[in-house]
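Just follow the structure's listing: the first ligand is 1, and inside any ligand the first atom is 1. What's counted below: heavy atoms across the whole structure, side chains too, no hydrogens, waters or symmetry copies.
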Amino acid sequence: MAWKLYGYRVMKFNPELKEIKTYEAGKPIELVSREYGIDEKDIIKLASNENPYGVSPKVVQAVKKQLNKMYQYPDDSMYELKNSLATKFDLESTNFIIGAGSDQIIEFIIRAKANKNSPILSAKTTFAMYDIYAKQIGSCSIKTPSHQHNLDEFFKMYKQHNNISIIFLCLPNNPLGESLDKDEVFEFISKIDKDTLVVVDGAYQDFASFKDSKKKILPKELIENFSNTLYLGTFSKSYGLGGMRVGYGVANQSIIQTLYKLRPPFNVTTLSLVAAKSALEDEEFVQHTIKNNFKQMKIYEEFAKNNQIDFIDSYTNFITFIFDDQYSSKKIFETLFKKGIIIRDLTSYGINGIRVTIGTKEQNTKFLQEFEKILKA
Ligand SMILES: *Cc1c(COP(=O)(O)O)cnc(C)c1O
């Protein structure tokens, strides 16, 4: 006999979930291909800040060699990767926690420190996951009035609320692209109470420090100067490992040990650990990526100037265009989408703008051609 739903009612879930907007990832190529019947190879995805040059061939080789290890659980101590990271940053293995993306570390931090009575503090327009994890545990985020990072505003809000658990500084900031000088960041942190955790999300730090050395924030310098800080790094952007899900947190041992209490066992796969470790051994690939990124970014900036479009000076691998009322970012997004060009519309952030990942020369040329057609139409 089939089950029948008598007196069907919508199931009740924890009320804090009502406040959460589901995170919208950049639309995957497979979906666009299915929906519009465009060949996957003709689709240009400039929506998720992935590395347009792919991944180092050395990483592919290293992973291939380990494929037959997938029947075993990973090395849960993550000894090799932690060791390589410790060498790279001149720190100890005990200063690191590795996650399934730095996203997972953000989750640990928030679960460890924020709660209903202790909100987090962030810039108005920044990485959406801070907010989502905070709401999941019944906390919330206080935001500065300005979209971009303004440390005077951060300090004012921090003082005003006096119950802030974590301050998130996304440097450089996603999805806007601005960054701050190390000196002003350190000056700011020195004024913050030692019981408030200051997180520097450095997902694009290698791009920023290439463009302007004043923006460079080294994890070692950060955590050795301030006991209440944590640095976040990821392999998803310059290293080209978005699909492997590896990121890390760097802090003093005591903070790391606390975060370990929240870590599920085997949270990073064997192949991901191998990929990340070997990615660290091909610095040349990363440098090539970053150099070309800024070379190509110039073309976008020229384009914006020629077409009188506002953009935010970017320290990342994407550029953000802001429109006046003449254009609608949503319409621009939709028109490009139907042509198989995927970018990020910022309407959901309350901004009439788009974020475009800097792609390869070919991808950028194609995008700018189609973009120009829309602007001239
Ligand atoms: C991409 C990104 C991350 C983390 O990505 P993972 O793939 O989870 O490592 C974190 N913060 C910012 C600002 C990002 O743009």
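Evaluation of the salt bridge (charged side-chain N to carboxylate O under 4.0 Å, His left out) rule for E153 yields no partner, not counting sequence neighbours.
Considering all non-hydrogen atoms of both residues, E16 and K135 come closest at CB-O, 3.5 Å. The minimum heavy-atom distance linking S122 with Y130 is given by the pair CB-CD1, 4.4 Å.
The backbone N or O of T360 lies less than 3.5 Å from a partner atom in the side chain of Q363, making a donor-acceptor pair.
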Pick out the protein N or O atoms lying less than 3.5 Å from any N or O of ligand 1, and list each pair with its distance.
residue	atom	partner	partner atom	Å
ligand 1	7 (O)	S236	OG	2.6
ligand 1	7 (O)	R245	NH1	2.6
ligand 1	7 (O)	R245	NH2	3.3
ligand 1	8 (O)	S102	N	3.3
ligand 1	8 (O)	D103	N	3.2
ligand 1	8 (O)	D103	OD2	3.2
ligand 1	8 (O)	R245	NH2	2.8
ligand 1	9 (O)	S102	N	2.7
ligand 1	9 (O)	S102	OG	3.3
ligand 1	9 (O)	T234	OG1	2.6
ligand 1	9 (O)	S236	OG	3.4
ligand 1	11 (N)	D201	OD1	3.3
ligand 1	11 (N)	D201	OD2	2.7
ligand 1	15 (O)	N174	ND2	2.8
ligand 1	15 (O)	Y204	OH	2.7
ligand 1	15 (O)	K237	NZ	2.9

Would you check, one step at a time, whether the test side-chain hydrogen bond (donor to acceptor under 3.5 Å, both in side chains) holds for N252 with S227?
-> CA-CA 7 Å; N252 65 49; S227 61; 5.2 Å; no
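Residue V250 is not grouped with residue Y260 when hydrophobic side chains (ILVMFWY) are merged at heavy-atom distances under 4.5 angstrom, including chains of intermediate members.
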